[in-house]
K.L.:
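First the structure, which I've put down as structure tokens, then a few questions once you've had a look.
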Amino acid sequence: MSLAEPPLLELCGVSRLFARRQDMIGRLAARAGLVAAPQAVRAVDGVDLQVRRGEVLGLVGESGCGKSTLGRMAAGLLSPTRGRVLYRGADFAAMPAGAARRARLTVQMIFQDPYASLNPRLRVAEIVGEAPRVHGLIDGDEQAYVDAQLRRAGLDPGYKRRYPHQFSGGQRQRIGIARALAVRPEFLVCDEAVAALDVSIQAQIINLFMELRDQLGLTYLFISHDLGVVEHLSDRVAIMYLGRIVEAAAVEQVFGRPNHPYTQALLAEVPRLETRRRRFTAIAGELPSPLHPPAGCHFHPRCPHAMPRCRAEAPVLREIAPGHRSACHLNDRA
Amino acid sequence: MLWLLHRVIQAGFVVLAMTVLVFVAVNVVGNPADILISPQADQAERARVIAAFGLDQPLWRQYLHFLVQAAHGNLGRSFVFNQPALQLILQRMPATMELAVSAVLLSVLIGIPLGLLAGLWPDALLSRAVMAGSILGFSLPTFWVGLMLIMVFAVQLGWLPSTGRGRTALLFGVPWSFLTLDGLRHLLLPALNLALFNISLVLRLTRAGVREVLPMDYIRFARAKGLSPARIVGVHVLKAILMPIVTVVGLEFGSTVAFAVVTESVFAWPGMGKLIIDSIGVLDRPVIAAYLVIIVLLFVTINLVVDLLYTALDPRVRSDEAG
Amino acid sequence: MQALPAAATAPILEVRDLRTHFFMRAGVVPAVDGVSFGVAPGEVLGLVGESGSGKTVTGFSVMRLVEPPGRIVGGKILFRGRDLAQLSERAMRDLRGNRIAMVFQDPMTTLNPVLRIDTQLIEAVRAHGRTSRRAARARAVEAMAMVGIPQPEERLSAYPHQFSGGMRQRIAIAIALLHRPELIIADEPTTALDVTIQAQILAEVQRLAREHGTALLWITHDLSVVAGLADRVAVMYAGRIVESGAVDRVLDHPRHPYTSGLIESVPSRNRRGARLRQIPGMTPNLLALPRGCAFRTRCPHAADACAAEPRLTETAPGQMVRCFYPERVTAA
Amino acid sequence: MSAALAATADDEAPFRRFARRFADSKLALLGLALLTLILLAALLGPSLAPQNPYDLAQLDIMDGRLPPGSRMGAGFTAWLGSDDQGRDMLSGILYGLRISLGVGIASAAAAGLIGTALGLLVAWRGGWVAGAIMRLVDLQLSFPAFLVALMVLALLGRGVLNVVLALVLVEWSYCARTARSAALAERRREYIEAAEGLALSTRRILFRHLLPNCLPPLIVIGTMQVARAIALEATLSFLGLGVPVTEPSLGLLIASGYQYMLSGQYWMSVYPGIALLLAILGINLVGDQLRDVLNPRTGT
């Protein structure tokens, strides 16, 4: 890690709570002790994470672990309840409005659902061209600019007068990519960006992401539940479980020498093409509800190595080898 | 439990808010003194009456007085009938309730089967006819249909009477029309008239529910279990569509009571709706106030009951803890 | 047309030249167009395909649960020698949930949200044969325990929304197992679940199928799941089976360019960070399929001959391929 | 499966697709024809009517209660008869239609604007003001529109403007609720998030992205509201609480003819009633098909 350059994106102790909405009577009843006050859901709980310029950071976790919430905070779409999101060392929230607007453009998001992420009432040309026009990013002819964006995303500009419903899922995802790139970002947050696509289309989009990275020097936060995809295109990987990062390291380390019992279980259970007629054995237990996370280490009820300490004390994420961080009490014993 | 408390407190707020509105509507807009005091009265007489009715007090005092009186069931005397207004309204209430309940029963008994038919076989000729008819049903203005019913069945054909309740019989000390044949004959046309809109509503709601539920995975899964069509429609579909129907029928009961004003006017049905129209005509304010208070209480009760039923029917609402 | 060579024992289900079409306003969609396969007792057949390939419609066709505008327009569905396509609805109902059961993709929507779990289990018990409520309840408890639901007695009186997705899928599987069916059709039952929960469900299914000798038709888009679970695999593309055979044979030596493309585009088959090998083009529009081989517009090996319709041919023992040039496809 | 079939998407432009789907129903086309006819009749009313029924100088009490087809004193034929004031029924209906439609459209438009604006605001901003507005909406929706309108008019007294005011007062809450729920649903969709991520101004997001996508249910509700308002106005006028006798709408015409119906002089009530029915029916037929076509689950 070069000391000279600050990370492109830095999350410092970021938490996000979602309070359950309550009306006045409910609040009064809770204050009078008639009922228990509803807890807030701690979707993201004290996450520290850095993304360096030019790298692809894969963020892996199962549903409800808070990875999408984390991605939205990284993209500036959601403000953290606690902690700071620093972009090149600067906090969006502390910038003057105009500067913040411009700064926000440098981080763009690619969404999961290719059907919901495009405005159905606008033509493709407007979907892609609106933001750069509004922000004065187009020097010459707007149509030529839009054509160039579409072509770069692998779409025929001849279709730009069409509406989103006239495209397939893969093509819609390309439109979403063209829309994001049209405002010249340097950082893309991809939230399950290939999960909804067919296998044969998924490979095309992953390839597109990698081409764009080379062409434009993009940095990615790549959020996915698919370990195979993350392993393929990430430089570093962070594993999330119930709002916390449990392990983060270079991709070779995570997939070669997983440290955290959750990472180990996850890797063991991914079906692979190479393993035939295997006996599936599964870690016990359900994914706990984020509403009532277990005390101590969130993973302890399902962990084969759980000790009394795990029930009481949450392990901190600390470095166990250069560049390899893990949050497990087992590491203290060694 | 909390939920019930919630609803009751909410209902209390609604009633309180409505009494303010009723008070403002009846006692502030226009000068009640003008109505209470004969124009021939001299200044001293005027002052005496104003003091007697508390009209010289500040508004909030007058409102409190109104509230206390209302709580004791005293909402003033009708100028026209010279009877306590509340008593007047309560006397007419059974007739209106009888009419409204009959109309709601008719709408459920006719609406649900026709809606099921139209939902299960949407392309059948009969279903299309039913749906076209239902548009007609909620397009026809109630009062005009009433006139037409009278013209056809009472004037032209002479089959059924057009006005009044007919012979009544006592039950729990209250006169009812549905207990005598003559009363039923009198009840039929107004009940049908009042039900027409609700029949269309229930029918369309049932059909929409069936169309929505039929393509659901759980219906296909029920078929995959090998269940009979009767059980799938009778248990899986019906139970799933029941909630919105119960809600709407419950809430429509209130609307029906309100709309009875129209039907009662057309058929000269001696209920509280006819009374209120007459009272508005002669500005009999205490009666209007009493009617409003009764109606507000009625609606708050209906809403509460509908909520309770809804909770009994939908398990997802009942344990809202998780979601 | 004999599709697959007979397995060691006579197949429990044999589908021959099945055609299920959807009659839409825009035209006829041949969702399933001449599909043949067989499943033997105790065997797991993986039916693989992308969206629109017709794999799900195939499963529903076997259950005779295709809804309008879809209709089975041809072919035979032989279950223990009886043609289900010709069976009366009444007779079919006796088979469904009894001797053939099905598990659906999305556990959140397969259980009726307004009925208690016990109602939904007990009605399934009582749909086939006279059983007292008490006995049916006992059966339900037993089935819940069998799929690994803790405290089945108490949980029976809960409603579906009180269970997680994984638990609901277990309940759906319990319902499928109630009458010890000879064949279970599973339509992507783990796709909507998380990795760790998917592994649990796969483990249960595998154990139950082995213990009861149930035949399994496992429909999925995920080749990796098929690799771990199935004995044989059939790959569908645009309403047809393009390749089938033993799992090892097909995955290690695919002979159809589509199968090969699918396998090669899985990230773990590529060098990390390198460009993935991809199939060009889009999943086809079933209303405007190219003449002849439906895959030829995306195929690297396509030639003039492909404008004609290729037949399924046996390229190796048990391996059937619908391609004119199977020898051009070599394993990577 | 359905997704796979939907992937065979057609290449039609949205409006053509909308028009084609609308024309699917012959009943809806009939409704559209009916509606056009009624609107034309109302627009051209004064030039079509043989008489100005509001001009007392043109009325002759000697022409009173003539059966349909009678010759009037002024020399024209009263094809639909005349009423007790000596008013030609056809002229009365043409003029009454103008009032009925005018009141219905004006009140629905005003209620739609107010309700949509408030509904969007509530969905977008939240906070206690929004909460208070929604409480008010809920409160009002739990009482039948008819009753609220009845009471408002009992307070305000008769008059065309008062009727419009009363109708706006009862109808805005329906539009507000519809707008709010549509906006809340759309707001959660990712294209709104994308627009925020592209740092577009709030005004732009609201009016170019959110509002157009909330319109379909609002159009349906708005259409039905016009029909409802017309029916409500007629009912209130029938009860003597609506428009004044000097400007009779269809409802008032029916009411004044009512007393003669029992003596067989049906035309004074029946013909205005048929006109009223056709107007409401036309609107409802169109609205009903719009609901099917614009439904996000089945439509464009």
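All chains are named by letter (A, B, ...) in the order of the sequence lines, taking the proteins before the strands, and each is independently numbered beginning at 1.
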K.L.:
Which atoms of C/Arg298 come close to chain A, meaning under 4.5 Å heavy atom to heavy atom: side chain ones, backbone ones, both, or neither?
P.N.:
side chain
K.L.:
Of the options C/Leu202, C/Thr196, C/Asp194, which is the one that meets A/Glu269 in a side-chain contact (heavy atoms from CB on, under 4.5 Å)?
P.N.:
C/Thr196
K.L.:
Under 4.5 Å heavy-atom distance to chain A, tell me which part of C/Val225 shows up: side chain, backbone, both or neither.
P.N.:
both
K.L.:
I need the minimum non-hydrogen distance between A/Met210 and C/Gly273, along with the two atoms involved.
P.N.:
SD-O, 3.8 Å
K.L.:
Non-hydrogen atoms of chain A under 4.5 Å away: do they reach the side chain of C/Gln206, the backbone, both or neither?
P.N.:
side chain
K.L.:
Examine whether an atom of C/Ile263 lies under 4.5 Å from a heavy atom of chain A, and if so say whether it belongs to the side chain, the backbone or both; otherwise answer neither.
P.N.:
both
K.L.:
Can you tell me which portion of C/Gln198 sits under 4.5 Å from chain A's heavy atoms? Options are side chain, backbone, both or neither.
P.N.:
side chain
K.L.:
Applying ring-ring contact (aromatic ring centres under 6.0 Å, His included) as the test, list every pair that has at least one member in residues 234-262 of chain A; sequence neighbours left out.
P.N.:
A/Tyr241-A/Tyr262, A/Tyr241-A/Phe299, A/Tyr262-A/Phe299
K.L.:
Compare every heavy atom of C/Gln278 with every heavy atom of A/Asn207, then report the nearest pair and how far apart it is.
P.N.:
ND2-OE1, 2.7 Å
K.L.:
In terms of heavy-atom pairs under 4.5 Å, which option from A/Glu274, A/His225, A/Arg272 contacts chain C the most?
P.N.:
A/Arg272
K.L.:
Sub-4.5 Å heavy-atom contacts with chain C: which residues of residues 191-205 of chain A show up?
P.N.:
A/Asp198, A/Val199, A/Ser200, A/Ile201, A/Ala203, A/Gln204
K.L.:
Chain A contacts: which residues in residues 211-220 of chain C have a non-hydrogen atom closer than 4.5 Å to it?
P.N.:
none
K.L.:
Counting only heavy atoms closer than 4.5 Å, note whether A/Leu273 contacts chain C via side chain, backbone, both or neither.
P.N.:
both
K.L.:
Check side-chain contact (heavy atoms from CB on, under 4.5 Å) between A/Ala249 and all other residues, then give those that pass, not counting sequence neighbours.
P.N.:
A/Gln253, A/Val254, A/His324
K.L.:
If you take all heavy atoms of A/Arg302 and C/Ile197, which pair is closest and at what distance?
P.N.:
NH2-CD1, 4.2 Å
K.L.:
Side chain from CB out, backbone as N, CA, C, O: work out which of these in C/Pro150 comes under 4.5 Å of a heavy atom of chain A, or both, or neither.
P.N.:
neither
K.L.:
With the side chain counted from C-beta on, respond yes when A/Glu231 and C/Arg272 share a heavy-atom pair under 4.5 Å apart, and no when they do not.
P.N.:
yes
K.L.:
Using heavy-atom distances under 4.5 Å, tell me whether A/Ser63 contacts chain C through its side chain, its backbone, both, or neither.
P.N.:
both
K.L.:
Any side-chain heavy atom of A/Glu211 within less than 4.5 Å of one from C/Arg275?
P.N.:
yes
K.L.:
Is C/Asp248 close to chain A through its backbone or its side chain, or both, or neither, when contacts mean heavy atoms under 4.5 Å?
P.N.:
both
K.L.:
Name the member of C/Ser164, C/Gly281, C/Gly165, C/Ala227 that forms the most heavy-atom pairs with chain A at distances under 4.5 Å.
P.N.:
C/Ala227
